[in-house]
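Just so you know, ligand 1 is whichever comes first in the structure, and atom 1 is the first atom listed for that ligand. The basis for the numbers below is simple: all heavy atoms, side chains too, and nothing from hydrogens, waters or symmetry mates. It should be emphasised that the depicted structure is a prediction, and the values quoted were computed from it without experimental measurement.
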Amino acid sequence: MQAIARAQPNIALIKYWGKRDRALNLPAVGSISITLADLYTDMDVKFDAALAADRLTLNGDEEAAMLPRVSRCLDTVAGSGRAAARVESHSNFPVAAGLASSASAFAALVVAASGAAGGQRPTDELARLAGRASGSAARSLYGGFVELGLNGDGIEVATLLAAEAWPLAVVVAVTDTGAKPVGSGDAMEISRRTSPFYGRWIDDQPRDLATARAAILARDLEALGVVAEHNCLKMHSVMWSSRPPIVYWNAATLACMHAVRELRSSGVGAFFTIDAGPQVKAVCPGADAPRVRAAFESIPGVAAVLTSGLGGGARLTARR
Ligand code: DP6
């Protein structure tokens with residue numbers, strides 16, 4: 001009746017932006033991500049018939065805003081006739097750091113809920129359930145380099161390359177700790193309805209996915225960096241050309257992007273990517289991470305720098 005699961009956030013190199021079906025939360029495009037090792041969310045789920053309603057705490061504090069989404073996710077895993085649940089979420093990184101906290105949270109939630117409900121569900125089924133709650137969460141069920149593909153009316157998620165096979169690091173420059181102006185789900189809808197570039201974004205995605213997939217399998221950092229930066233800037237161009245425009249960047253975001261380009265011209269193998277927020281994530285060989293970190297730390301407006309290696313997928317850590 002009670003289970004605990006751990007999941008890590010993931011960073012998309014080829015981005016998910018746009019939904020094919022809002023009700024089922026089906027992405028309009030495939031995506032490729034890397035799962036982190038050192039940042040995690042632990043999710044403790046206990047179904048308890050004595051509870052009148054679901055309860056959720058985030059790092060010890062009662063959380064009302066996320067509760068309806070969590071309850072819907074529990075329904076998809078354990079059925080709507082389930083007992084109410086007490087859900088405790090603990091993350092070892094700041095939720096406001098723009099690190100896809102919903103990805104690690106919902107990935108851990110489906111694993112813990114399924115464990116607490118007594119089931120033994122296959123990972124691909126858990127990934128589909130996590131994706132219903134948050135598209136990027138489906139990828140955190142798997143470790144290393146992960147591809148989410150579209151398959152008929154559903155999604156298909158798999159590891160392309162294990163984390164150990166290519167030990168890259170991710171260095172995150174946190175440039176703003178405030179809440180984002182528009183959540184990614186709503187922003188995607190605005191983009192779909194209003195950006196003149198949206199159709200082209202969707203049409204181009206299979207080519208970027210193929211290029212990135214080949215670069216990952218060949219462990220070609222330069223080729224991966226070229227396509228990942230291009231894909232990221234294309235996604236942000238769709239956002240900027242939406243009405244109203246969706247601009248997540250600040251001055252430090254841009255300074256960090258320039259810093260990564262300068263590092264590259266001085267021989268450091270690194271590329272940047274930016275999600276629906278102002279934080280900049282640099283991907284580089286583990287040995288280059290200290291140099292990237294030092295460069296980010298010297299930029300005015302950078303509030304914190306986090307570093308992580310690549311790791312495994314979501315897993316059950318306890319069941320009682
Ligand atoms: C920019 O997974 O947060 O990070 O399905 O609405 O929960 P929902 O969206 P979400 O979107 C992630 C968008 C992104 C790119 C990515 O992670 O692929």
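Ring geometry for Phe145 versus Trp166: interplanar angle under 30°, hence parallel rather than tilted (30 to 60°).
Residue contacts with ligand 1, taken as heavy atom pairs separated by less than 4.0 Å, do not involve Ile11 at all.
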How far apart are the C-alpha atoms of Asp176 and Asn250, what are their side-chain angles, what is the distance that settles it, and do they pass the side chain to side chain donor-acceptor pair (under 3.5 Å) test?
-> CA-CA 8 Å; Asp176 191 347; Asn250 58 37; 4.5 Å; no

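Between the Thr41 side chain and the Ser91 main chain, no donor and acceptor come within less than 3.5 Å of each other. Although no hydrogens or angles enter the test, the distance criterion places no donor-acceptor pair under 3.5 Å between the side chain of Ser31 and the main chain of Tyr16.
Among Ala130, Gly18, Ser140, Ser184, the residue whose heavy atom lies nearest to atom 3 (O) of ligand 1 is Ser184. Here atom 8 (P) of ligand 1 lies nearest to Lys19 when heavy atoms of Lys19, Met239, Lys15, Met188 are compared. By heavy-atom distance, the residue among Gly30, Gly135, Ala276, Gly277 lying nearest atom 1 (C) of ligand 1 is Ala276.
For ligand 1, the atoms sitting less than 4.0 Å from at least one non-hydrogen atom of Ala12 are 16 (C), 17 (O), 18 (O), numbered in the order shown with element in parentheses. Below 4.0 Å from some heavy atom of Ser134 lie the following atoms of ligand 1, by number and element: 2 (O), 3 (O), 5 (O), 7 (O), 8 (P), 10 (P). Atoms of ligand 1 found under 4.0 Å from any heavy atom of Arg139, numbered from 1 in the order shown, are 16 (C), 17 (O), 18 (O). Listed by atom number, the atoms of ligand 1 under 4.0 Å from Gly185 heavy atoms are 6 (O). Atoms of ligand 1 lying under 4.0 Å from any heavy atom of Asn25, numbered from 1 in the order shown and given with element: 5 (O).
When each of Leu209, Ile32, Thr211, Ile14 is checked for a side chain to side chain contact (heavy atoms under 4.5 Å, CB included) with Asn231, only Ile14 meets the rule.
Within a 6.0 Å radius of CG in Asp203, other residues, nucleotides and ligands contribute more than 12 heavy atoms.
Between Arg69 and ligand 1 there is a heavy-atom distance shorter than 4.0 Å.
In terms of the side-chain contact (heavy atoms from CB on, under 4.5 Å) criterion, residue partners of Val70 (sequence neighbours excluded) are, by chain and number, Leu56, Leu74, Val87, Phe106, Leu109.
Below 3.5 Å of separation, one finds no N or O of Ser31 facing any N or O of ligand 1. Every N/O-N/O distance between Trp17 and ligand 1 stays at or above 3.5 Å.
In this structure the side chain of Leu233 reaches within 4.5 angstrom of the side chain of Phe272, judged on heavy atoms.
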